[in-house]
**Student:** 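This is the structure I have questions about; it appears just below.
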Protein chains: 2
Amino acid sequence: MKPKIEDVARLAGVSRTTVSRVLNNRGYISTETRENVHKAMNELNYFPNDVARSLFNKRTNLIGLIFPTISNPFFGELTFHIENICAKLGYKVLLCNSLNRIDEEEKYLEMLMRNQVDGIIVGTHNRGILNYHQQNLNVVAIDRNLSETIPVVSSDNYAGGETATELLISKGCQHIVHINGSGELETPAKLRRKAYEDVMERYGRTPITYEILEAFDRPSQQEVMSKILDEQPEVDGIFASSDLFAAAFMAEAKKRGKDIPKQIKVVGYDGTETGQILLPELTTIQQPISLIAQTAIDILLKKIEGEVNDLPLEIRLPIKLLKGETT
Amino acid sequence: MKPKIEDVARLAGVSRTTVSRVLNNRGYISTETRENVHKAMNELNYFPNDVARSLFNKRTNLIGLIFPTISNPFFGELTFHIENICAKLGYKVLLCNSLNRIDEEEKYLEMLMRNQVDGIIVGTHNRGILNYHQQNLNVVAIDRNLSETIPVVSSDNYAGGETATELLISKGCQHIVHINGSGELETPAKLRRKAYEDVMERYGRTPITYEILEAFDRPSQQEVMSKILDEQPEVDGIFASSDLFAAAFMAEAKKRGKDIPKQIKVVGYDGTETGQILLPELTTIQQPISLIAQTAIDILLKKIEGEVNDLPLEIRLPIKLLKGETT
DNA sequence: CTGAAAGCGCTTACAG
DNA sequence: CTGAAAGCGCTTACAG
């Protein structure tokens with residue numbers, strides 16, 4: 001069996017209390033005892049049991065992550081950065097992919113609570129659920145408005161939408177269509193759409209938005225792209241609210257012999273590392289992914305440490321236009 | 001404070017034992033008591049503390065994942081599937097991105113042990129480390145030979161390399177170059193290279209392989225691609241051991257005005273969902289990612305359940321050629 | 001500088 | 001069908 005503190009104590013000829021103290025570097029301990037204890041720990045190849053520690057400390061150093069799917073490069077890279085930063089700070093990451101299904105999110109949330117996570121970072125919607133349990137739960141949202149009291153970290157979606165739309169207009173596009181996710185989700189990403197609409201109206205254009213309801217289902221995605229090309233034969237500009245949408249549209253357009261950027265110009269959103277490698281020619285609005293991760297963790301840790309004062313409720317981080325060959 | 005079992009017991013007018021029993025559905029309990037207990041739990045919004053449970057049960061239902069980086073779509077999608085399957089089976093996933101740094105892996109491994117994970121799925125190398133602690137650790141590797149006793153699940157890398165190389169030859173390529181990761185890693189992916197070399201020799205060609213040492217550093221990646229084009233001016237076929245490598249090469253080739261596939265044909269490896277969306281024109285060898293995830297978990301769970309008999313030590317899952325426009 | 005005792009929230013033999 | 005007691009592996013006041 002795994003050695004426990006008692007085994008170490010016996011071998012070192014001291015009490016469990018003493019072993020615990022050298023383990024935690026707490027209280028005074030003679031150098032000799034300390035050395036003996038360390039020797040015993042090495043000999044037994046002892047590792048403390050963090051489950052037992054957590055039970056006593058009421059602290060797990062566990063952060064729960066609930067995202068729609070880590071398969072999506074944006075969430076994949078976000079999760080990567082979050083995990084990396086957490087690891088440096090001594091936190092561990094429990095991963096959940098809800099696929100935006102409400103019932104799954106509820107289950108995951110309960111699971112995380114049972115596991116006594118110190119905090120949760122959420123990238124899915126479902127306003128209701130969290131409120132209920134919110135009691136002593138430390139939560140930070142990324143790009144999702146969960147409730148009035150939960151801080152939200154996101155890229156400056158409005159500026160992103162504005163930049164994208166203005167770029168297309170400045171390039172001479174006359175018939176610009178926007179592709180967005182489901183309008184039912186209460187997300188700041190709605191601001192991308194709002195900005196698009198505002199800019200369009202400012203220029204006297206009629207905004208046209210297509211929604212992709214099943215963002216993670218490729219066939220239904222293609223269907224929408226195909227529909228756009230059918231219904232908007234004059235389309236010469238696309239602002240897609242994700243690079244994956246942009247790519248899906250481009251594939252469909254190419255199938256129909258459309259030349260990008262000559263006939264249709266395309267701007268995406270996200271600007272992930274993976275996107276940059278696989279589709280470097282795409283013009284896109286880049287989100288500061290690692291900064292989003294860092295910011296979310298900063299706020300979450302403050303909440304965990306009980307610094308509840310003047311925590312910002314909404315943080316918008318700057319986006320960056322990456323000019324490619326699709327515009 | 002969070003309610004505990006004692007609070008429920010008091011409210012329901014029974015003992016903690018009884019509450020625990022209805023919680024775990026163990027032993028006989030009168031319907032009446034059961035209902036009372038449930039009522040009390042609802043009233044208090046009680047959730048059992050899994051940390052305490054784990055301590056007693058010596059079972060955490062936690063699976064540790066150590067991968068180089070979840071940013072890479074292959075590992076991202078693999079992790080997604082693993083997490084999904086685990087969730088259905090009542091397991092939770094603790095995520096670690098080692099970036100292939102040995103010291104990080106060692107730290108992560110210790111962290112996972114301290115947290116009493118029931119098992120670990122590893123997608124990084126570093127043979128030595130695991131052996132040492134291997135004692136009561138349940139480990140399954142994905143695409144990495146960690147030691148003689150740790151089962152390895154991977155795609156049929158040899159068949160993949162063979163298929164890719166033969167395709168390029170059948171398309172008339174005369175000067176085929178292979179791009180692989182670091183040759184220092186003890187991975188079954190070496191078989192992709194071996195297959196390439198075998199096929200080349202079978203056809204009387206000289207195999208030429210370039211290695212990318214820093215797989216996660218874009219500039220150094222581009223450097224190698226540039227070097228290939230400099231040193232192999234006659235190259236007309238590329239077999240890259242990942243889609244990201246393939247894309248990086250294609251970008252560099254396009255910069256130099258090379259036409260793909262007319263002047264150079266390219267075959268990648270992985271065939272991730274993300275890759276299919278962002279770079280659908282790439283011909284590639286698709287790994288059965290969700291099957292790899294399922295298989296790894298099957299084996300891991302058997303190990304966890306103590307079924308040590310006749311566990312396969314090496315499983316090769318079938319690959320699939322996805323024909324695109326780059327060949 | 002060190003140890004005995006109590007307790008973190010749960011579960012499970014053992015009695016009744 | 002139900003409860004009192006012991007224990008999972010650790011930590012921390014409290015004594016000495």
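The chains referred to below are lettered A, B, ... by the order of the sequence lines, with proteins before strands, and numbering in each begins at 1. The model shown is predicted, which means the values in this text are computed figures rather than measured ones.
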**Student:** Can A:R53 and A:D50 be counted as an ion pair, charged N to O under 4.0 angstrom?
**Tutor:**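 So A:R53 pairs with A:D50 through a salt bridge.
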**Student:** Sequence neighbours left out, what passes salt bridge (charged side-chain N to carboxylate O under 4.0 Å, His left out) with B:K107? Give chain and number order.
**Tutor:**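 Applying salt bridge (charged side-chain N to carboxylate O under 4.0 Å, His left out) to B:K107 gives B:E104.
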**Student:** Roughly, in whole Å, what's the span from CZ in A:R114 to P in C:dT11?
**Tutor:**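 To the nearest whole Å, that distance equals 10 Å.
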**Student:** Hey, does A:S30 reach any base, or is it just sugar-phosphate, or nothing, if we go heavy atoms under 4.0 Å?
**Tutor:**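 Counting heavy atoms under 4.0 Å across all strands, the contact made by A:S30 is with sugar-phosphate only.
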**Student:** From CG of A:L23 over to C1' of D:dC10, roughly how many Å is that when rounded to an integer?
**Tutor:**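 In whole Å, D:dC10 C1' lies 9 Å from A:L23 CG.
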**Student:** Set out, in order, the CA-CA distance, both residues' side-chain angles and the distance that settles side-chain hydrogen bond (donor to acceptor under 3.5 Å, both in side chains) for B:T17 and B:S20, then state yes or no.
**Tutor:** CA-CA 5 Å; B:T17 311; B:S20 172; over 6 Å; no
**Student:** Report, one pair per line, the protein and nucleotides 5-9 of chain D atoms (nitrogen or oxygen only) whose separation is under 3.5 Å.
**Tutor:**
unit_1 : atom_1 : unit_2 : atom_2 : d
D:dC8  : O3'    : B:K58  : NZ     : 3.2
D:dG9  : OP1    : B:K58  : NZ     : 2.4
D:dG9  : OP2    : A:K4   : NZ     : 2.6
D:dG9  : N2     : A:A52  : O      : 3.3

**Student:** What residues form a ring pair (Phe, Tyr, Trp, His ring centres under 6.0 Å) with B:Y108, not counting sequence neighbours?
**Tutor:**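 For B:Y108, no residue satisfies ring pair (Phe, Tyr, Trp, His ring centres under 6.0 Å) once neighbours in sequence are set aside.
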**Student:** Base, sugar-phosphate, or nothing: which does B:N24 touch, judged by heavy atoms less than 4.0 Å apart?
**Tutor:**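 Answer is sugar-phosphate: B:N24 comes under 4.0 Å of backbone atoms only.
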**Student:** So what does the secondary structure string of DNA chain C come out as, 5' to 3', with Watson-Crick or wobble pairs under 3.5 angstrom, [ ] for crossing and | for pairs with another strand?
**Tutor:** |||.||||||||.|||
**Student:** Under 4.0 Å from OP1 or OP2 of C:dT12: is there any side-chain N or O of B:R26 that close?
**Tutor:**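 Indeed, a polar side-chain atom of B:R26 lies that close.
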**Student:** Could you list the residues that satisfy salt bridge (charged side-chain N to carboxylate O under 4.0 Å, His left out) with B:R144, not counting sequence neighbours?
**Tutor:**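 Testing B:R144 for salt bridge (charged side-chain N to carboxylate O under 4.0 Å, His left out), a comparison that skips the adjacent residues, returns none.
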**Student:** Return the set of residues passing side-chain hydrogen bond (donor to acceptor under 3.5 Å, both in side chains) with A:S290 (not counting sequence neighbours), or none when no residue passes.
**Tutor:**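 If we apply the side-chain hydrogen bond (donor to acceptor under 3.5 Å, both in side chains) test to A:S290, skipping adjacent residues, there are no hits.
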**Student:** What integer distance in Å separates B:R21:CZ from C:dC10:C1'?
**Tutor:**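 Atom CZ in B:R21 sits about 14 Å away from atom C1' in C:dC10.
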**Student:** Restricting to side-chain hydrogen bond (donor to acceptor under 3.5 Å, both in side chains), what partner residues turn up for A:N97, sequence neighbours left out?
**Tutor:**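 With sequence neighbours excluded, A:N97 shows a side-chain hydrogen bond (donor to acceptor under 3.5 Å, both in side chains) to B:E83, given in chain and number order.
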**Student:** Under 4.0 Å, heavy atom to any atom of DNA chain D: which of residues 7-15 of chain A qualify?
**Tutor:**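 Nothing qualifies; none.
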**Student:** Could you tell me which residues satisfy salt bridge (charged side-chain N to carboxylate O under 4.0 Å, His left out) with B:E314, sequence neighbours excluded, listed by chain and number?
**Tutor:**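 Residues passing salt bridge (charged side-chain N to carboxylate O under 4.0 Å, His left out) with B:E314: B:R316.
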**Student:** How many whole angstroms separate atom CD of B:E6 from atom P of D:dA4?
**Tutor:**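 About 11 Å, once rounded to whole Å.
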**Student:** Once side-chain hydrogen bond (donor to acceptor under 3.5 Å, both in side chains) is applied, do any residues pair with A:E110, and if so which ones, sequence neighbours excluded?
**Tutor:**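 Checked A:E110 against side-chain hydrogen bond (donor to acceptor under 3.5 Å, both in side chains); matches are A:R114.
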**Student:** Quick one: B:N25 CG to D:dC1 C1', roughly how many Å, whole number?
**Tutor:**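 Answer to the nearest Å: 15 Å.
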**Student:** Can you tell me if B:T33 touches the phosphate of D:dT2, counting only side-chain N or O atoms and a distance under 4.0 Å to OP1 or OP2?
**Tutor:**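 Yes, such a contact exists.
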**Student:** For B:Y28 and C:dT12, give me the distance from atom OH to atom P, rounded to whole Å.
**Tutor:**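 Roughly 16 Å, once rounded to whole Å.
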**Student:** Are any of A:T18's side-chain N or O atoms less than 4.0 Å away from OP1 or OP2 of C:dT2?
**Tutor:**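 So the side chain of A:T18 is outside the cut-off, no N or O lying under 4.0 Å from OP1 or OP2 of C:dT2.
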**Student:** Tell me every residue that passes salt bridge (charged side-chain N to carboxylate O under 4.0 Å, His left out) with A:E305, counting only those two or more places apart in sequence or in another chain.
**Tutor:**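 Testing A:E305 for salt bridge (charged side-chain N to carboxylate O under 4.0 Å, His left out), a comparison that skips the adjacent residues, returns A:R59.
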**Student:** With sequence neighbours left out, which residue pairs that include part of residues 11-24 of chain A fulfil the salt bridge (charged side-chain N to carboxylate O under 4.0 Å, His left out) condition?
**Tutor:**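 Every candidate salt bridge (charged side-chain N to carboxylate O under 4.0 Å, His left out) pair involving residues 11-24 of chain A fails, so no pair, neighbours aside, qualifies.
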